[in-house]
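Take a look at the structure below.
These numbers were taken from a predicted model, which means no experiment stands behind them. When reading the values below, keep in mind they use all heavy atoms of this one structure, side chains included, and skip hydrogens, waters and symmetry mates. Position 1 is the first residue of the sequence; numbering continues from there.
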Amino acid sequence: ELRHRASPWQRNLGYPLAMLGLLALTGISVLIVCFHVLELLLDDAAMPRGMQDTSLGQVSFSILGSFGAALQVVLIFYLMLSSVVGFYSSPLFTRLLPERQDTPLTKVRAPPPPSVGQCRGAVPWGSTSSPPQIIGNCVSLLVLSSALPVFSRTLGITRFDLLGDFGRFNWLGNFYIVFLYNMGFAALTT
C-alpha cells in the first residue's frame with residue numbers, strides 16, 4: 001500500500017539509493033570486523049580492553065582521521081538502528097511494537113482471536129502475564145542502548161574508550177570469546 005502511494009521519484013530513485021546505502025553500511029561494517037579479526041590473530045593490542053593512560057585529543061582513535069571518526073559514528077548509528085529493527089522484527093517481540101497514537105500504557109494488545117482448532121476460552125501462553133507495553137519498550141530500548149558501546153567496541157568498529165566500568169569486563173580480555181563474537185557477527189551478517 002505504501003509503495004503504491006509513493007511518487008515515481010521515490011520508487012525509482014529513493015528506494016534503490018536507500019538499499020545501496022544499507023548494503024554499503026553493511027559491507028563496511030563486515031570489512032571492519034574482518035580486519036579486526038585479522039588484528040586479533042596478529043596483535044594482542046587489538047583486544048577491546050579499556051585504554052590505559054591516554055588523554056583525550058592526544059591519541060587518534062581512527063586511522064582515517066576526521067573522516068574515519070565520522071564513519072565510526074555513522075556505523076554506530078546504523079548498528080543501533082539495525083538492532084532495534086531486528087529486535088522488533090523477531091517473532092517473540094512483535095506484539096511489543098508500538099503503534100502511533102495507539103500504544104497502551106497499562107497492557108499489551110489483546111491476542112488474536114482463537115484459531116480453528118483452539119478452544120474459545122483458551123488463553124495463549126504468556127498473554128496474561130505480559131508487562132505493560134510502554135514499560136516493556138523502555139526496558140528493551142534501555143538494554144539495547146546499554147549494550148551498544150560494548151558491542152561496537154568488541155567488534156572493533158570503534159576504538160573509543162568505554163566510559164564507566166564497560167572497559168573492565170573480564171571477558172573483554174578473553175581472546176576466544178572476542179574472536180568467536182567477531183566471527184559470528186561476520187558470518188551472520190553476510
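Between Asn182 and His36, the shortest heavy-atom distance links the atoms OD1-ND1, 3.2 Å. Of all heavy-atom pairs spanning Leu41 and Phe179, the tightest one is CD2-CE1, 3.8 Å. Here the shortest heavy-atom pairing between Ala186 and Val33 reads CB-CG1, 4.2 Å. When all heavy atoms of Pro16 and Asn12 are compared, the pair lying nearest together is CG-O, 3.5 Å. Minimum heavy-atom separation, Pro149 to Ser146: CD-O, 3.4 Å.
Grouping the Ile, Leu, Val, Met, Phe, Trp and Tyr side chains by contacts below 4.5 angstrom, directly or via other members, places Ile157 apart from Leu31. Residues Val178 and Tyr176 share a single hydrophobic cluster, defined by chaining ILVMFWY side chains whose heavy atoms lie under 4.5 Å apart. Cluster membership check: Val30 does not share its hydrophobic cluster with Leu38, using side-chain heavy-atom separations under 4.5 Å among Ile, Leu, Val, Met, Phe, Trp and Tyr. Using a 4.5 Å cut-off between side-chain heavy atoms of Ile, Leu, Val, Met, Phe, Trp and Tyr, with links allowed through other members, Leu141 and Leu92 fall into the same hydrophobic cluster.
Side-chain contact check for Leu144 versus Leu148: every heavy-atom pair is 4.5 Å or farther apart.
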Self-check item: side chain to side chain contact (heavy atoms under 4.5 Å, CB included) between Ser140 and Leu96, worked out
Solution: CA-CA 10 Å; Ser140 303; Leu96 198 60; 3.6 Å; yes

Quiz item: How far apart are the C-alpha atoms of Ile28 and Leu71, what are their side-chain angles, what is the distance that settles it, and do they pass the side chain to side chain contact (heavy atoms under 4.5 Å, CB included) test?
Solution: CA-CA 9 Å; Ile28 291 169; Leu71 181 65; 4.2 Å; yes

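Atom OG of residue Ser29 and atom CD of residue Gln72 lie 12.5 Å apart, to the nearest 0.5 angstrom.
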Taking only distance into account, with no hydrogens and no angle test, what donor-acceptor pairs under 3.5 Å do side-chain atoms of residues 74-88 form with protein atoms, sequence neighbours excluded?
from  : atom 1 : to     : atom 2 : distance (Å)
Tyr78 : OH     : Thr26  : OG1    : 2.4
Ser82 : OG     : Tyr78  : O      : 3.0
Ser82 : OG     : Leu79  : O      : 3.1
Ser83 : OG     : Leu79  : O      : 2.7
Tyr88 : OH     : Asn137 : OD1    : 2.4

